[in-house]
Amino acid sequence: MSFSAGRKKSAAEPTLETSGAYYVEDVAAQVIREVNDNVEFQDIVRAAQQQSKEEQNMTLMEGLRTYPKAMAWSIALSTCIIMEGYDTIILGNFYGMPAFNKKYGTLDPATGEYSLTAPWQDGLSDGAGVGEILGLFISGWLADKFGYKRVLGGALIMITCFIFINFFAVNLAMLEVGEILCGIPWGVFQTITTTYAAEVCPVNLRAYLTTYVNLCWVIGQLLASGVLRGTLSLNSQWSYKIPFAIQWVWPVPIFIAVCLAPESPWWLIRKGRVEDAERAVERLGRKGDNFSAKNTVAFMVHTNEVEKKVQAGTSYLDCFKGKINLRRTEIACITWVCQQVCGSSFMGNSTYFYEQAGLATSNSFDMTIGQFALGAVGTVASWFLMAKVGRRTIYVSGLFALTIILLIIGFLGVPHQTSGLSWAAGSLLLIYTFVYDFTVGPVCYSLVAELPSSRLRQKTIVLARNLYNIVGTAYTGVIGLYMLNPTAWNWGPKAAFFWAGNCALCCIWAYFRLPEPKGRTYAELDLLFDKEVSARKFASTYVDPYEIHSADSEVERLDSTQKIG
């Protein structure tokens, strides 16, 4: 095993470099040597190596032609996030709906208008977050035991039942219970869809299908905004009951897709069901020169065996054991937290923000529809960007751009609010949404799915998303709503200053701690983390998890810490 900073090694170069390289016999190298030298395992090693090369050399078009079924199944299951994006956005926008406020709110004598108090707004928003936290932890344990399909199918049945509580809610307490219970299956959707997308696709399609999850979220938000705008003029209980009822459209067709979809082959490998994994892989790809189910399964088995020997456990506690696992868990968790604290709460409560910025209710809903339409365009545009630029570069640059936009929005809130300033702040929020969904929003899903180890991926994503939800519940939700609520702090657009500071801190963290997974197999990422390679050097450091077998004779003649040249 060898490393060289600054470039990728070409196929024509010798296995061991003789200039500027370190040869270190560490624990991981010894483990890989043991696995690769196992006589009974050597056929698997060779097949895994062949599959790794084919995946990394495969073009995007070749990937699309070879794995159309994997894409179709991933897209079908990710549709759960459309439902979640729809479900979670309607409540925040109900706060700007007169009929909803009249039903559940209190009369403000000063303005003569009905509104929910900040504590109740906070309680309802946090209720869903509490349910999601519980659902995420449960899904991590259940998915490891029963598989992704069964857990996802069970969550779809649960959400179908829990929607009845919100639809028939007669008071805020009943609505609160409904939000908490709905949050449980939402938590399941958040983690399993992302993990499934990361595990059924080859290297060159991984980023597109994991970031498609973000597009599903935006599509759900856009649909919800359109429905809310359409029911705004009803001025009766149906203006908010119809949006609740539309949620019953999703579960049945998605449940059918879940029942027909193949199980994740990585989960089957971890359970020792190699033959079942091969059958699952056959259902994901199209037979041809670029596809071999046996080689694909061999690649998974090799990666799993190496990880199993380096880190035997697959529990939540194992995510924090040792510097390597702790680093990977930190990166996944903070990457998702950055998405929460970079000012995205403005988008979740956008209609309410527009109203507090001075726009009329109808204009506020129109702006929200335009906002999420731009978000969808931004997510699709990010796919073209990711084909050329690394995920790390997009993420860091996006956080920097969002910081600048938030600062400008904040300065627009300093003077006395006029119609022009209100429209300017609203327009900048549209730009913010496009930039967010062009960079930080979708790329986050790719990063948190790719950077954990294969054996701990599900648990790490659960921890990361739960920290995201905890921060959203105890920090973003409380502070964000209090900043905008006229009966609380009433900051209006000036709240953007607070989020700009948060966003700047996230940008600094990402620059120093966030590595680049673009084009890397999971086995390569394992070795890069094991060697404690700097985040800024992940893209330029060469590593081959299969090379050690062919390089043994030369490595043994070198001092374990000698630097050549």
Side-chain angles (χ1 to χ4, degrees), residues 55-56 58-85 143 148-149 152 189-220 254 257-258 260-267 280-281 283-286 290-291 296 299-300 332 335-336 339 375-376 378-391 394-395 437-452 454 457-458 460-461 464-465 517-522 525:
E55 283 197 15
Q56 290 182 312
M58 188 182 295
T59 65
L60 175 59
M61 292 307 300
E62 288 174 342
L64 295 175
R65 287 193 296 265
T66 305
Y67 291 94
K69 291 184 285 186
M71 293 179 58
W73 290 122
S74 177
I75 289 171
L77 268 62
S78 295
T79 306
C80 290
I81 301 298
I82 294 181
M83 180 168 55
E84 190 206 354
Y148 301 165
K149 290 180 55 178
L152 196 57
F189 300 153
Q190 289 174 358
T191 176
I192 288 185
T193 53
T194 305
T195 307
Y196 187 86
E199 294 191 353
V200 299
C201 304
V203 172
N204 64 335
L205 297 180
R206 221 163 50 196
Y208 302 103
L209 289 176
T210 50
T211 55
Y212 173 76
V213 174
N214 185 77
L215 178 61
C216 290
W217 184 281
V218 176
I219 291 173
I254 300 175
V258 170
L260 297 175
E263 184 57 85
S264 164
W266 284 94
W267 180 82
V281 169
R283 294 186 60 195
L284 294 171
R286 177 182 293 171
N290 294 322
F291 177 75
T296 303
F299 169 72
M300 296 176 182
T335 298
W336 229 330
Q339 192 190 52
T379 301
V380 174
S382 73
W383 295 342
F384 298 95
L385 184 63
M386 283 189 292
K388 302 294 183 181
V389 183
R391 266 81 95 184
I394 297 173
Y395 195 84
D437 285 307
F438 185 54
T439 57
V440 175
V443 173
C444 174
Y445 285 91
S446 178
L447 291 168
V448 297
E450 292 179 293
L451 292 173
S454 299
R457 180 176 297 114
Q458 174 71 14
T460 305
I461 291 176
R465 187 68 187 189
K518 183 176 184 290
R520 297 290 194 181
T521 65
Y522 292 132
L525 290 171

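Fair warning: this is a prediction, and the values are worked out from it, not measured in the lab.
Side-chain atoms of Tyr208 and Asn204, non-hydrogen and from C-beta on, never get closer than 4.5 Å to each other. At least one side-chain heavy atom of Val200 sits under 4.5 Å from a side-chain heavy atom of Pro265. Looking at Leu447 and Pro517, their side chains come closer than 4.5 Å, going by heavy atoms from C-beta outward. Proximity of Cys444 to Asn214: side-chain heavy atoms (C-beta onward) are nowhere separated by under 4.5 Å. Between Val281 and Met300, the closest side-chain pair of non-hydrogen atoms falls below 4.5 Å.
Here the closest heavy-atom approach between residue Leu284 and residue Pro262 is recorded as CD2-CG, 3.7 Å. Here the closest heavy-atom approach between residue Pro442 and residue Ser382 is recorded as CG-OG, 3.6 Å. Closest approach of Ile254 and Cys80 over heavy atoms only: CG2-SG, 3.4 Å. Closest approach of Ala449 to Ile461, counting heavy atoms only: CA-CD1, 4.0 Å. The heavy-atom pair separating Lys518 from Gly390 by the smallest distance is CD-CA, 3.6 Å. For the pair Leu260 and Arg283, the tightest heavy-atom approach, listed with the atom from each and the gap, is O-NH2, 2.5 Å.
Between atom OG1 of residue Thr194 and atom CD of residue Gln458 there is a gap of 9.5 Å, rounded to the nearest 0.5 Å. Interatomic distance, Leu205 CG to Glu62 CD, rounded to the nearest 0.5 Å: 11.0 Å. With values rounded to the nearest 0.5 angstrom, Thr193 atom OG1 is found 13.0 Å from Ile75 atom CD1. To the nearest 0.5 Å, atoms CH2 (Trp336) and OG1 (Thr460) are separated by 11.0 Å. The distance from the CG atom of Leu209 to the CG atom of Leu215 is 11.0 Å, given to the nearest 0.5 Å. In this structure, OG1 on Thr211 lies 11.0 Å from CG on Asp437, to the nearest 0.5 angstrom.
For Tyr445 and Trp217, the distance between ring centers is not under 6.0 angstrom.
Here the rule is side chain to side chain contact (heavy atoms under 4.5 Å, CB included) with Phe438, and of Val380, Leu385, Ile394 only Leu385 fits it.
Listed for the Trp73 side chain is no donor-acceptor partner under 3.5 Å among the backbone atoms of Tyr196. In this structure, the side chain of Arg457 does not engage the main chain of Glu450 through any donor-acceptor pair within 3.5 Å. Not one N or O on the side chain of Ser74 forms a donor-acceptor pair closer than 3.5 Å with the backbone of Ala70. In terms of modelled atom types and a separation under 3.5 Å, the side chain of Thr210 and the main chain of Ala207 share a donor-acceptor contact. One N or O on the side chain of Thr79 and one on the backbone of Ala76 form a donor-acceptor pair closer than 3.5 Å. No donor-acceptor pair under 3.5 Å is formed between the side chain of Tyr212 and the backbone N or O of Ala197.
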Step by step, would you call Thr439 with Tyr395 a side chain to side chain contact (heavy atoms under 4.5 Å, CB included)?
CA-CA 6 Å; Thr439 57; Tyr395 195 84; over 6 Å; no
Would you check, one step at a time, whether the test side chain to side chain donor-acceptor pair (under 3.5 Å) holds for Glu199 with Thr195?
CA-CA 6 Å; Glu199 294 191 353; Thr195 307; 6.0 Å; no
